[in-house]
Protein chains: 2
Amino acid sequence: MSDPALGENLLFLTDEQLRQGIEAMFFAYRGFTADPDRILADMEYGRAHHRAVHFINRAPGTTVNNLLAILGVTKQSLNRVLRTLIEDGLVESRVGTADKRERHLFLTDDGRALEQRLSDAQRARMRAAYRAAGPQAVAGFRQVLEAMMDADMRRRYLALKESGA
Amino acid sequence: MSDPALGENLLFLTDEQLRQGIEAMFFAYRGFTADPDRILADMEYGRAHHRAVHFINRAPGTTVNNLLAILGVTKQSLNRVLRTLIEDGLVESRVGTADKRERHLFLTDDGRALEQRLSDAQRARMRAAYRAAGPQAVAGFRQVLEAMMDADMRRRYLALKESGA
DNA sequence: TTGGAATGTCAACAAGGCTGACATAAACTG
DNA sequence: CAGTTTATGTCAGCCTTGTTGACATTCCAA
């Protein structure tokens with residue numbers, strides 16, 4: 001188990017190392033969501049609205065079904081969130097041209113403004129963490145996260161990554 | 001912004017890189033919680049129970065107040081969870097000896113059994129991700145996560161890490 | 001003895017998940 | 001064309017897990 005005479009050094013796979021990684025994920029995710037959460041707490045919105053706005057901004061014109069798959073929630077849950085965002089004029093829903101059953105989602109100017117506020121806050125923390133850890137650590141960070149995803153989520157993540165840059 | 005003639009290569013700090021990191025965190029955290037969630041779904045328990053059981057196992061005899069601070073929830077929320085765990089015989093609450101106001105929390109044999117099931121599942125995914133990414137990536141992963149935490153959470157995380165190994 | 005700390009409990013509420021059932025319109029298929 | 005499937009929306013209700021506020025108990029410490 002802890003025999004250092006292995007052909008390869010596998011000490012990073014001990015239960016204790018894994019547990020530390022698990023706890024690091026837990027505490028880090030709290031920090032990750034803390035700043036946008038603080039902004040949203042002053043509004044009638046929550047984390048679910050943030051996620052919707054983020055991915056609509058990321059893929060303008062996305063359909064409801066696509067957003068559903070990315071977010072991994074039910075249409076009822078998403079619809080509740082989208083309805084308020086549309087009512088409040090942050091999101092616009094346009095009937096599809098090719099397929100009129102589909103609704104294509106876009107951020108309005110107000111929606112983009114909110115998205116900016118939220119992602120500025122979240123990126124600021126991310127940037128500080130990246131800068132503190134350095135480019136090599138960041139590469140490792142991304143590798144481990146990708147390996148941790150479910151296969152279908154990894155596909156979606158990689159597709160977004162491609163489309164972005 | 002994207003001038004490659006900088007003294008240091010800071011391309012890993014572009015908004016696009018940061019956004020990819022943000023999305024990686026989102027998708028990876030879903031994977032991170034998926035396996036324990038599946039186990040808990042078959043019981044009357046949720047993710048909050050998992051967290052409580054995890055940290056009681058990690059620091060046996062911890063007080064309610066300490067657990068409160070680690071989990072970052074209100075005592076009412078935690079109490080609801082603890083009550084069911086105690087009623088179901090998974091957690092034991094012992095009145096403190098030095099300070100009889102305090103309750104010290106311990107897992108029972110049944111509690112340890114559940115903790116094992118949950119952490120085995122979570123560690124299995126973590127182990128696969130670690131193995132796929134390799135030790136150097138894991139080191140970077142941990143560095144970035146630590147830098148992402150709030151300062152007080154980082155203190156708690158490091159204290160746990162010390163105590164563990 | 002009195003004030004404050006640690007804990008527990010009751011009540012009420014909100015966000016955001018979920019399921020099930022049903023409606024509508026559009027597209028597809030035989 | 002008739003029937004089925006798909007995409008979406010909506011209503012109703014439920015669960016978990018977070019919140020606040022109020023109040024009781026117990027006990028330590030000044």
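Because only heavy atoms are used, hydrogens play no part in the values below, and waters and symmetry mates are left out as well, while side chains stay in. A, B, ... follow the sequence lines: proteins, then strands. Residue 1 opens every chain.
With distances taken from any side-chain atom of B:Val64 to the nucleotides C:dG8, D:dT8, D:dT19, the minimum falls on C:dG8. Ranking D:dT8, C:dT7, C:dA26 by closeness to the A:Thr63 side chain, first place goes to D:dT8. Here C:dA27 is the nucleotide among C:dA27, C:dG8, D:dT17 with the atom lying nearest to any side-chain atom of A:Arg101. The B:Ser77 side chain lies nearest to D:dG18 when the options are D:dG18, C:dC18, C:dA27.
Between B:Thr74 and the phosphate of D:dT19, there is a side-chain N or O to OP1/OP2 separation shorter than 4.0 Å. In this structure, B:Arg51 reaches the D:dG18 phosphate: one of its side-chain N or O atoms is under 4.0 Å from OP1 or OP2. Regarding contacts with the backbone of D:dT6, every side-chain N or O of A:Asn65 stays at 4.0 angstrom or more from both OP1 and OP2. Within the 4.0 Å cut-off from OP1 or OP2 of D:dT16, not a single side-chain nitrogen or oxygen of B:His49 is found.
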Using the salt bridge (charged side-chain N to carboxylate O under 4.0 Å, His left out) rule, take B:Arg155 and B:Asp152 through it: C-alpha gap first, then chi angles, then the decisive distance, then the call.
CA-CA 5 Å; B:Arg155 272 191 298 101; B:Asp152 52 335; 5.3 Å; no

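No side-chain N or O of A:Glu44 forms a donor-acceptor pair with one of A:His49 less than 3.5 Å apart.
To the nearest 0.5 Å, atoms CD (B:Glu102) and OG1 (B:Thr63) are separated by 5.5 Å. Here the straight-line distance linking atom CG of B:Leu68 with atom CG of B:Leu82 works out to 9.0 Å at 0.5 Å rounding. For the atom pair B:Gln20 CD and A:Leu158 CG, the distance stands at 9.5 Å (nearest 0.5 Å). Taking CD1 from A:Ile70 and CG from A:Asn65, the interatomic distance works out to 11.0 Å, rounded to the nearest 0.5 Å.
Atom CZ of A:Arg103 is separated from atom P of C:dA25 by 10 Å (rounded to the nearest Å). Per the geometry, NZ belonging to A:Lys75 stands 13 Å off P belonging to C:dC18, to the nearest Å. One can place CE of B:Met43 at 17 Å from C1' of D:dC15, the figure rounded to the nearest angstrom. For B:Leu40 and D:dC15, the CG to P distance is 18 Å, given to the nearest whole Å. Computed from coordinates, the B:Arg38 CZ to C:dC18 C1' distance equals 17 Å when rounded to whole Å. Computed from coordinates, the B:His104 NE2 to C:dT7 C1' distance equals 12 Å when rounded to whole Å. Between B:Asp99 atom CG and C:dT7 atom P the separation is 8 Å, expressed in whole Å. B:Asp37 places its CG atom 13 Å from the P atom of D:dT16, with the value rounded to the nearest Å.
Toward the 5′ end of DNA chain C lies the nearest nucleotide of A:Glu44, the other residue of the pair A:Glu44 and A:Thr97 mapping further downstream. With the nearest nucleotide of DNA chain C identified for both A:Ala98 and B:Leu68, B:Leu68 has the one nearer the 5' end.
For a distance-only test at 3.5 Å, the side chain of A:Gln76 fails to qualify as a donor-acceptor partner of the base of D:dG13. The base of D:dT26 lies outside donor-acceptor range of the side chain of B:Lys100, with no N or O pair under 3.5 Å.
Between B:Phe26 and A:Phe55, a ring centre-to-centre spacing shorter than 6.0 Å is recorded.
Between B:Arg112 and B:Glu115 there is no salt bridge, since no side-chain N of the basic residue sits under 4.0 Å from a carboxylate O of the acidic one. Electrostatic pairing of B:Arg30 and A:Asp150 does not count as a salt bridge here, judged by no charged N lying under 4.0 Å from a carboxylate O.
Using bins of under 30°, 30° to 60° and over 60° for the plane-to-plane angle, the ring pair A:Tyr29/A:Phe32 lands in the tilted bin.
Only A:Asn79, A:Arg83, listed by number, bring a heavy atom of residues 78-86 of chain A to less than 4.0 angstrom from any atom of DNA chain D.
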With the criterion being N/O to N/O and under 3.5 Å, what pairs connect the protein with nucleotides 1-3 of chain D, and how long is each?
none

